[in-house]
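Inspection log for the structure reproduced underneath, given as C-alpha cells.
Quick note on labels: first sequence line is chain A, next is B, and so on, each numbered from 1. Both backbone and side-chain heavy atoms feed into the values below; hydrogens, waters and symmetry mates do not.
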6 protein chains.
Amino acid sequence: MVFVSRREHFNAAHRLYNPQWSDQKNEEVFGRCANVNWHGHNFELIVTVKGNPDPDTGFVFDMKKMGDLVKEFIIEKVDHKNLNVDVPFMEGKLASCENLIIEFWKILAPKIKEVRPDSALHSLKLYETPNNFVEYFG
Amino acid sequence: MVFVSRREHFNAAHRLYNPQWSDQKNEEVFGRCANVNWHGHNFELIVTVKGNPDPDTGFVFDMKKMGDLVKEFIIEKVDHKNLNVDVPFMEGKLASCENLIIEFWKILAPKIKEVRPDSALHSLKLYETPNNFVEYFG
Amino acid sequence: MVFVSRREHFNAAHRLYNPQWSDQKNEEVFGRCANVNWHGHNFELIVTVKGNPDPDTGFVFDMKKMGDLVKEFIIEKVDHKNLNVDVPFMEGKLASCENLIIEFWKILAPKIKEVRPDSALHSLKLYETPNNFVEYFG
Amino acid sequence: MVFVSRREHFNAAHRLYNPQWSDQKNEEVFGRCANVNWHGHNFELIVTVKGNPDPDTGFVFDMKKMGDLVKEFIIEKVDHKNLNVDVPFMEGKLASCENLIIEFWKILAPKIKEVRPDSALHSLKLYETPNNFVEYFG
Amino acid sequence: MVFVSRREHFNAAHRLYNPQWSDQKNEEVFGRCANVNWHGHNFELIVTVKGNPDPDTGFVFDMKKMGDLVKEFIIEKVDHKNLNVDVPFMEGKLASCENLIIEFWKILAPKIKEVRPDSALHSLKLYETPNNFVEYFG
Amino acid sequence: MVFVSRREHFNAAHRLYNPQWSDQKNEEVFGRCANVNWHGHNFELIVTVKGNPDPDTGFVFDMKKMGDLVKEFIIEKVDHKNLNVDVPFMEGKLASCENLIIEFWKILAPKIKEVRPDSALHSLKLYETPNNFVEYFG
C-alpha cells in the first residue's frame with residue numbers, strides 16, 4: 001500500500017465566535033480571532049489517499065484527477081469566501097479548522113471511493129498558518 | 001553600508017472594490033477578490049533598514065527593537081483585522097497591497113530614523129501569498 | 001478524533017560528546033558535532049495533541065494556550081541556551097535530539113492532560129535542521 | 001521508540017508512459033507527463049528509521065551514516081539521471097513515484113538493518129514537487 | 001513607484017552541453033549536468049513589474065493578468081518540456097539558466113508594456129533549485 | 001549582465017557581547033543573545049555574482065565551482081564552530097551578522113575575481129533565522 005498526497009490552497013475570511021455567548025465572552029475565549037469584522041488566512045490543504053499502484057499506470061490515484069476533485073468540491077466552495085457566511089456546509093457550525101476538516105472529509109471520502117473504488121481517503125491536513133494546523137483520519 | 005531585515009506576519013481580511021463602481025464592474029475587474037463578504041490572507045512583511053554597524057554593538061539596528069517597532073506601529077493595527085474597515089490609515093483607500101505598503105512606509109520610515117538617526121528605512125516587502133508580493137523603496 | 005499541531009522554535013548551542021570517552025573517540029564518533037567550543041541550531045518543535053472538538057469552541061485544544069504552555073515549559077528553558085550546560089532536565093544526558101525530545105515529552109504530556117483532560121499529547125517532532133529531524137509518540 | 005529522519009534530494013528526468021499503449025492513449029492518460037522528450041523534477045526524499053536511542057551515543061541511527069547510505073545506494077543511482085533509461089532497478093517499470101519509492105524501500109530497508117540491527121526503516125516519503133508526494137511504509 | 005511580483009513554476013528536462021565539444025570535454029566542464037539522457041528540475045520563475053498604482057484599482061499591474069501572461073507566453077512553452085529540444089526560442093542556445101532568463105525577458109518585457117504602458121518589467125528571477133538561481137534586469 | 005546565486009549553510013554557536021562592558025550592560029543591550037554559555041543558529045548564506053554569460057558554457061560563473069569556493073573559504077571555517085572563539089577572521093570583532101558578512105566579503109570578493117576576472121561578487125545575504133537576515137554589497 002502506498003500513500004499519495006496532493007496539496008491545494010485557498011484564501012478565506014472567518015471569525016471564531018459562539019452565537020450563544022455574549023460578545024464579551026466570545027472575546028474572552030477567542031481573543032483577536034473573534035474580531036467582529038473578520039480576519040483571514042492562506043489555508044493549505046493536503047489530501048492523502050491510500051491504495052496499491054495500478055499496474056497499467058503506476059498510480060495509486062491520478063494526481064491530476066485528485067487535484068480536480070479537490071478543486072471542484074472543496075476549493076471552489078471556500079476560496080475567496082467567508083467561511084462563516086458563504087459556505088453552505090459550514091452553516092450552523094463554528095468556523096474552526098477542526099470543524100472545517102471534518103466537513104471536508106465528509107465531502108471528499110465518497111468522491112475518492114467513487115473515482116477509484118480500491119483506494120480510500122487516508123487523511124486530510126489543513127494548515128491555517130505555518131504554525132497552526134490540524135489533521136483528520138475520519 | 002549593511003542592510004538588515006526583519007520578517008513579521010499578520011492575518012487579516014480584506015476585499016478589493018472601488019466604491020465608485022457598480023458591484024458588477026467590481027466583480028469584472030477584481031474577480032473573486034471583490035467577494036462582498038471578504039476573504040483573507042496570512043501576510044508576511046519584511047522590513048529592511050540600511051546603515052553602518054555601530055562599533056559598540058556590531059548592529060546596524062537592534063533587531064529586537066526593530067521587531068518591537070514593527071509590532072507596535074504596524075502589526076497591532078492590522079493583525080486579525082479587516083483592512084477595509086478596521087484600519088484608520090487605510091480609510092478611503094483601496095485595500096490593495098500596493099496601497100498598504102505605501103501607508104506602512106509613511107508610518108515606519110520616521111520611526112526608524114527616530115530610534116537610530118544614522119540609519120534609514122531602505123525597503124518594505126509584503127507577501128499576500130507565497131505567489132504574490134509587492135516591494136516599495138519610498 | 002482530530003489532531004491539532006502547533007509549531008514553536010528556539011535557538012540553542014550544544015555539542016555531542018560522551019564524557020566517558022576520550023576526546024579522540026568523541027571526535028571519531030561525533031565528528032564536527034563534538035567541537036569542544038560548541039555549535040548551534042535554529043530548532044523547530046511541532047507539538048501535536050489529539051481529542052474531539054469541544055462543541056462550545058470547536059477546539060480540540062486552544063492553540064493560543066498550547067503555544068503558551070510550550071513557551072513556558074519548553075522554549076523558556078532552552079531558547080538562547082546551551083543544551084549541555086544550561087538546561088536542568090538535560091543534566092547527565094547526551095544532548096542528542098533523541099534525548100531532548102524524550103525529556104520534552106515527560107514535561108508536556110502531563111501539562112496537556114491537566115489543561116484539557118479529555119485530550120492527550122500525541123506526538124512531538126523536533127527539527128534540528130531542515131534535513132535532520134526526530135519524532136516521538138511517548 | 002524514537003523516529004529519526006534524514007532529507008536528501010536529487011534532480012532527474014522521467015516520463016510517464018506505458019509501452020503497451022499507443023502514443024495517443026499514453027497522452028490521454030498521462031497528459032503532459034507523457035512528453036516524448038521527457039521532463040524533470042527536483043525530487044526530495046525523506047528517510048525515517050525507528051529504534052531506541054543507543055545509550056552511548058544518544059542516537060537511534062547516526063544521521064551522517066544515514067545520509068551516506070542514502071547517497072551511496074539511492075542518490076548516486078538517480079541524481080542527474082533519466083529514471084526511465086539510466087536506472088537499472090527501474091528497468092521494465094513505469095517511472096511513477098509510487099513505483100520508485102517501492103524500489104527505494106527494497107534497497108534501503110536491508111542496508112539500515114545491516115548497519116544497526118536493532119533499528120528498522122519505518123517510512124520513505126518522496127516529493128516530486130511541493131504539491132505532489134508519496135509515502136511508503138513497506 | 002511600487003514593485004509587484006508574481007511567482008509561477010514549471011517542470012522541465014534539460015542537459016548542459018556544447019555541441020562543438022567532444023562528449024569528454026562536455027563531461028569535464030558540465031559534470032553530471034551533461035548526462036546524455038537528460039535530467040530535470042522544478043523551476044520557479046518570479047516576474048517583477050514596476051509602476052505607480054492605478055488610482056482606480058490600487059494595482060501596479062493586475063496580478064491575475066500577470067499570471068495569465070506568464071502562463072501563456074512562458075509556462076506553456078516550457079512546462080513538461082525538454083528545454084534543449086522542445087522550445088523554439090532556445091534553439092541553438094546552451095540550455096543554461098542564464099540563457100533561459102534572457103530569452104524569457106525578450107518575450108515578457110514587450111507584453112508587459114503592451115498591457116499597461118506606464119508599467120515596465122523590472123526583473124526576472126529563476127530558481128533551478130532552492131540552492132541555485134539567476135536574476136536578470138534586462 | 002546576469003546575476004547568479006548560490007545558497008550554502010552552516011551551523012554555528014555564538015554570543016553577542018562587548019568585552020569592554022560589564023556583564024550587566026551586555027545583558028541589557030543584547031538580552032538573551034549575551035548568554036555566557038552561547039546559543040546557536042542554522043545560518044544560510046546566499047552568494048551572488050554578476051557578469052555576462054560565457055558563450056562557450058552559458059555560465060556567468062560555474063555554480064559547482066562557486067559552491068566549492070564558498071565551502072573551502074567560508075563554510076569550512078565556520079561550520080560547527082563557535083564564531084567568537086574558533087574563527088580567526090572574527091578575532092577581536094563582535095560576532096554580529098553585520099560583522100560576519102563584511103568579513104565574508106573580504107575573503108570571497110578576490111577569490112571570485114581570481115576564478116573569472118570578468119565577473120564580480122555582487123552581494124552576500126546571510127540568514128541567522130528565517131526572521132532575521134543581513135545583506136551586503138561591498
Distance-only donor-acceptor hits, side chain of residues 12-20 of chain A, under 3.5 Å, sequence neighbours excluded:
from	atom 1	to	atom 2	distance (Å)
A:His14	ND1	A:Ala95	O	2.9
A:His14	NE2	A:His39	NE2	3.3
A:Arg15	NE	A:Ala34	O	3.1
A:Arg15	NH2	A:Ala34	O	2.9
A:Asn18	OD1	A:Gln20	N	2.9
A:Asn18	ND2	C:Asp56	O	2.9

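- Proximity of B:Met66 to B:Val49: side-chain heavy atoms (C-beta onward) are separated by under 4.5 Å at one or more points.
- Side-chain contact between B:Trp21 and B:Phe30 is present, with at least one heavy-atom pair separated by less than 4.5 Å.
- Residues A:Val4 and A:Met63 have side chains in contact (heavy-atom distance under 4.5 Å, counting atoms from C-beta outward).
- For A:Asn11, the side-chain hydrogen bond (donor to acceptor under 3.5 Å, both in side chains) criterion is met by no residue, not counting sequence neighbours.
- When all heavy atoms are compared, the tightest approach of B:Glu8 to B:Gly67 is OE2-CA, 3.5 Å.
- With a 4.5 Å cut-off on non-hydrogen atoms, A:Asn84 does not touch chain B at all.
- Chain B is approached within less than 4.5 Å, heavy atom to heavy atom, by A:Glu128, A:Thr129 from residues 116-129 of chain A, ordered by number.
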Name each donor-acceptor pair under 3.5 Å that joins a side chain in residues 97-111 of chain B to protein atoms two or more places apart or in another chain, with its distance.
from	atom 1	to	atom 2	distance (Å)
B:Glu98	OE2	E:Val60	N	2.9
B:Asn99	ND2	B:Leu94	O	2.9
B:Glu103	OE2	B:Lys106	NZ	2.9

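- Most heavy-atom pairs under 4.5 Å with chain B: of the set A:Asn82, A:Asn37, A:Val78, this distinction falls to A:Asn37.
- Note: A:Asp86 leads A:Val36, A:Val85, A:Asp86 in heavy-atom pairs under 4.5 Å with chain B.
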